[in-house]
Amino acid sequence: MPSSLKWYASNVKATFKRPIQDGLTNVAMLTRRQARRNITENQQVDTKFLWNTVYVATPEKVTPLPPDGEYKSLKTGKIEKRQAGEVVQPQDGAYVGVAADYAIYVETENSFLYRAIDQVAGRQAEDAMVGLSTGLYVGTEEA
Amino acid sequence: MIDAAKTLRDYLLTQTALTTLNGTRLWAEVNEPPEEAHYKPTQGAAIVFKSAGGPGLEAGDTVLAVRWQFKVYGVDVYGIRNTYLALTDVLHDVRAKGGILSSSQETPGTMLQEPDTQWLFCLTYFQTRMRSRLPIPV
């Protein structure tokens, strides 16, 4: 029987960091996809700027965002100015955000983002966990 | 099934620390004060709230958890903030009162401005848990 156990904490952290990050990114991407689906189902698409500015930010990258500028309204046919706010990248994990500066008003009228979180946490939780466990499995193999 | 919005409104209307500020200008399940109320911020504080998510009920669940979106209006920033603070005082950490089993503030208030009317308002979110059914009379 060993009299002591050497715990390679830094090795364990290093091994699990990547798969956990990948799992969180998977969940964030599922939430982004569901939020976009909700915007469409809620009939909140006009210039499509809002839809296109639902993003996922990780420590390494941010999903592509459209440029600020003038966009044609599908509802009125008029040209509307659209602007995105600041995008913040996390140090760990993943953020789901909406960069359009008017997104909060659309969200308060008929939730598309929080509802997406509910939906992913409920109906799609199984998918999300598959992503997470797959990531952990890869980590275990590497170890 | 209980009417969660009515239960919450009834509870808030019993809270004099709040109603001394907004009176009965408290509307449920709307995004802004209803037109027929002819509300204007110069009249004083007003609150609208509506359900904004929650896990829903699954088979066997007897507790209904609801997330609520609140918008607090008022004459100016200070009035709005006072009403928001009073709302938080009476709705955060409620335990077994007025049909509410428990409650908590989820998101602290953020001051915003309505794009159409330019009215200032404070946006905040709470969660409540209530029994999903009224007791059966015996």
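What's counted below: heavy atoms across the whole structure, side chains too, no hydrogens, waters or symmetry copies. Because the structure is predicted, anything quoted here is derived from the model rather than measured. Order of the sequence lines fixes the chain letters, A, B, ..., with proteins taken first and strands second; residue numbering starts at 1 for each chain.
Within the 4.5 angstrom heavy-atom criterion, no atom of A:Ile117 approaches chain B.
For the atom pair OG of A:Ser111 and CZ of B:Arg67, the computed distance is 6.0 Å after rounding to the nearest 0.5 Å. Taking OG1 of A:Thr108 as the reference point, atom CZ of B:Phe70 lies at 14.5 Å (rounded to 0.5 Å). Distance check: A:Glu109 CD to B:Gln69 CD gives 9.5 Å after rounding to the nearest 0.5 Å.
Applying the side chain to side chain contact (heavy atoms under 4.5 Å, CB included) test between A:Tyr105 and each of B:Leu123, B:Leu112, B:Asp116, B:Asn31 identifies B:Leu112 as the sole match.
Within a 6.0 Å sphere centred on CD of A:Gln43, other residues, nucleotides and ligands contribute 12 heavy atoms or fewer. Under a cut-off of 6.0 angstrom, the local environment of CD in B:Gln118 is crowded, with over 12 non-hydrogen atoms contributed by other residues, nucleotides or ligands. Heavy atoms of other residues, nucleotides or ligands lying less than 6.0 angstrom from NZ of A:Lys75 number more than 12. Applying the 6.0 Å contact sphere to CZ of A:Arg36 captures more than 12 heavy atoms from other residues, nucleotides or ligands.
Screening residues 7-33 of chain B for salt bridge (Lys or Arg N to Asp or Glu O under 4.0 Å), with sequence neighbours left out, gives B:Lys6-B:Asp10.
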